[in-house]
Amino acid sequence: MSVFCSAPFNGFYQGLDGKISVCCQTPVLVDNKNNYNEAVHDPKIVKLRQDFLNGNLPEECKMCTPRVRQETSILCGSKDRSQVAVDYYEPVFLDLLWSNKCNFACMGCTPRISSTMLKYKSAVDIVDPLNEEDANYKWNSKDEQQRRINYILQNIKTIKGIHLNGGEPLMQEGFYDLLERLIELNATHIGIWAHTNGSVSQYKGKNIIDFLKSFDRCKIVMSHDGIGKKGEYVRYGLQQSIWLRNYKKFSESGIKTDVQVCYNIFNCLDLEEMADWYEEHLQVTPNLSLWNWPPSYSAKYIKRIPKLYDRALHILETHGKRFRKSEYVLDFMKDTVEDEELEDMHYKFSESISKFDELRGTDFEATFPELRELYY
């Protein structure tokens, strides 16, 4: 099986703090974000190219999977080794965290990705061992946005797709500025793919539907991790009625609209009810993705109580097929977890949930009575 990946030759990822890599797996991070053309030829990225050209899987990419590598290569142009050289780079697919501006404070998120989460940093610090004390919690700027837009406009002949993430991209003015410029330049052949928490469909009088309908290919992916009060607890800031109204706005306008569910400790026992809700209200088969960080909020933590794990696994095996890509989740749930890990998860889960409830005025035990045995 080939280990070749096109991302170092055609991919561009800009993530936290505006740092640059070649894909969302971030095998390397480049600090030189003021000059993107220099950044994509940084020695760390050149080394990735050389390893792939030599037929080797770079050490930095070994945490990636063949499936992700294949999907990334398709997005980046499906080249093979004979078509490129070590100094070759041509942007085809851009994956951009536009900024951390966001109106939600979702469980498992951090202040670096959601500006609203900064209010709950003390709870995040308990559960996420990688949350950095000296992190930049407001890492976007108008200058950075303009550099990003300029780079895209300079490469509109080669760029075929742009993925916008956040934060909440639909409430970031620079996103609308970018789409407006692409429309002005008749660059509507570029595919636009945006994730959203479903809370907004317009920003400062700008309707995102009016923009997206100008593009030949566009897609909205709406995140949704639970129904009713449970969903509103996990994705704090969510109002399900508004989410559903915006879903219908997007889908009825003709824009391709998808739903992404992150499988986690909070929803692993509710998969059947969630699938029923999606079939009734959306007539859609959502994508089931993995939520594996922080570990205490991943569904693996349910292994601490064997009877709950058996129940979760049975539900996943029975109803996972009502979601797309559930087979990867099933493999994840069957991985071994050591007792020491489970005890660490237990402490961090219980202490962080207690702190979140204190800060937000929420009540975990009343919202998730079926998970009480996992709490303290």
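Note that these values count all heavy atoms, side chains included, but never hydrogens, waters or copies made by symmetry.
- In this structure N54 satisfies the side chain to side chain donor-acceptor pair (under 3.5 Å) test together with Q50, sequence neighbours excluded.
- The minimum heavy-atom distance between I192 and L212, with the atom names listed, is CG2-CD2, 3.8 Å.
- For the pair S114 (side chain) and F104 (backbone), a donor-acceptor distance under 3.5 Å is present.
- Contact of the Y88 side chain with the N10 side chain is registered, since non-hydrogen atoms from C-beta on lie closer than 4.5 Å.
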Check against side-chain contact (heavy atoms from CB on, under 4.5 Å), L244 and L282: CA-CA 8 Å; L244 186 56; L282 311 182; 3.5 Å; yes

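- Between the side chain of Q240 and the backbone N or O of G228, at least one donor-acceptor pair lies under 3.5 Å.
- Looking at T158, its side chain never comes within 3.5 Å of a backbone N or O of V92 through a donor-acceptor pair.
- In plain terms, the two heavy atoms of C76 and G11 that are nearest each other are SG-CA, 3.7 Å.
- Not one N or O on the side chain of S354 forms a donor-acceptor pair closer than 3.5 Å with the backbone of S350.
- Formation of a donor-acceptor pair under 3.5 Å by the S352 side chain with backbone atoms of V127 is not found in this model.
- The ring of Y36 has its center closer than 6.0 angstrom to the ring center of F12.
- Members clustered with L75: F93, W193, V221, by chain and number, using a 4.5 Å side-chain heavy-atom cutoff among hydrophobic residues.
- For the pair L182/I152, a side-chain contact is recorded, criterion being any heavy-atom separation below 4.5 Å from C-beta on.
- Judged by distance alone, the side chains of E168 and N197 do bring a donor and an acceptor atom under 3.5 Å apart.
- Within the 4.5 Å cutoff, the side chain of F215 has heavy atoms near those of the I183 side chain.
- Using a distance-only test at 3.5 Å, with no hydrogens or angles considered, no donor-acceptor pair links the side chain of H163 to the main chain of Y13.
- For the side chain to side chain donor-acceptor pair (under 3.5 Å) test with K230, the passing option among N267, D225, D270 is D270; the others fail.
- Residue Y347 qualifies as open at atom OH: its count of foreign heavy atoms under 6.0 Å is 12 or below.
- Counting only residues at least two apart or in different chains, side-chain hydrogen bond (donor to acceptor under 3.5 Å, both in side chains) contacts with residues 212-223 are absent.
- Summarising the local packing, NZ of K249 is surrounded by more than 12 heavy atoms from other residues, nucleotides or ligands at distances under 6.0 Å.
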Side chains of residues 203-211: which donor-acceptor pairs under 3.5 Å do they make with residues two or more places apart or in other chains?
from : atom 1 : to   : atom 2 : distance (Å)
Y203 : OH     : K101 : NZ     : 2.6
K204 : NZ     : E173 : OE1    : 3.2
N207 : OD1    : I209 : N      : 2.9

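- Remark: the backbone N or O of F250 is paired with a side-chain donor or acceptor of S253 at under 3.5 angstrom.
- Qualifying side chain to side chain contact (heavy atoms under 4.5 Å, CB included) partners for A299, counting only residues two or more places apart in sequence or in other chains: Y263, C268, M333.
- Atom CE of M222 is separated from atom OH of Y247 by 8.5 Å, given to the nearest 0.5 angstrom.
- Between E60 and K44, no side-chain nitrogen of the basic residue sits less than 4.0 Å from a carboxylate oxygen of the acidic one, so the salt-bridge criterion is not met.
- By the salt bridge (charged side-chain N to carboxylate O under 4.0 Å, His left out) test, D95 is found to be paired with no residue, residues two or more places apart in sequence or in another chain being considered.
- Looking only at side-chain heavy atoms (C-beta outward), Y376 and E351 come within less than 4.5 Å of each other.
- Every ring-ring contact (aromatic ring centres under 6.0 Å, His included) that F368 has, sequence neighbours left out, goes to Y233, F266, F364.
- For E252, there are no salt bridge (charged side-chain N to carboxylate O under 4.0 Å, His left out) partners at least two apart in sequence or on another chain.
- A heavy-atom distance below 4.5 Å is not found between the side chains of V329 and K325.
- Checked for salt-bridge contact, R304 and E343 meet the test: a charged N lies under 4.0 Å from a carboxylate O.
- Nearest heavy-atom pair across A312 and I302 is CB-CD1, 4.1 Å.
- Applying the ring-ring contact (aromatic ring centres under 6.0 Å, His included) test to residues at least two apart or on different chains, none of the pairs has a partner in residues 321-340.
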Check the pair D276, E272 against side-chain contact (heavy atoms from CB on, under 4.5 Å), reporting the backbone distance first and the verdict last. CA-CA 6 Å; D276 289 343; E272 179 179 2; 4.1 Å; yes

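- Counted within 6.0 Å of CD on E370, heavy atoms from surrounding residues, nucleotides or ligands total more than 12; the atom is thus considered enclosed.
- N155 contributes no side-chain N or O that, together with a main-chain N or O of E90, makes up a donor-acceptor pair within less than 3.5 Å.
- A salt bridge does not link E341 to K300: none of the charged side-chain nitrogens sits closer than 4.0 Å to a carboxylate oxygen.
- Side chains of Y278 and H224: a donor on one and an acceptor on the other come within 3.5 Å.
- The heavy-atom pair separating I45 from P8 by the smallest distance is CG2-O, 4.1 Å.
- Note on R112 versus D128: no salt bridge recorded, every NZ/NE/NH1/NH2 to OD/OE distance being 4.0 Å or above.
- No side-chain donor from either of N150 and Q154 sits under 3.5 Å from a side-chain acceptor of the other.
- Under the salt bridge (charged side-chain N to carboxylate O under 4.0 Å, His left out) criterion, R49 pairs with no residue at all, not counting sequence neighbours.
- Remark: D344 engages K348 in a side chain to side chain donor-acceptor pair (under 3.5 Å) (not counting sequence neighbours).
- Within a 6.0 Å sphere centred on CG of D339, heavy atoms belonging to other residues, nucleotides or ligands number 12 at most.
- Between N287 and R324, some side-chain heavy-atom pair lies under the 4.5 Å cut-off.
- Under a cut-off of 6.0 angstrom, the local environment of CD in E59 is sparse, with at most 12 non-hydrogen atoms contributed by other residues, nucleotides or ligands.
- Counting only heavy atoms from C-beta outward, the side chains of L308 and Y301 never approach each other to under 4.5 Å.
- Residues that satisfy the salt bridge (charged side-chain N to carboxylate O under 4.0 Å, His left out) test with R181, not counting sequence neighbours, are E184.
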Step-by-step side-chain contact (heavy atoms from CB on, under 4.5 Å) determination, I353 to F349: CA-CA 6 Å; I353 290 295; F349 179 85; 4.0 Å; yes

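- Heavy atoms from other residues, nucleotides or ligands lying under 6.0 Å from CD of E279 number more than 12.
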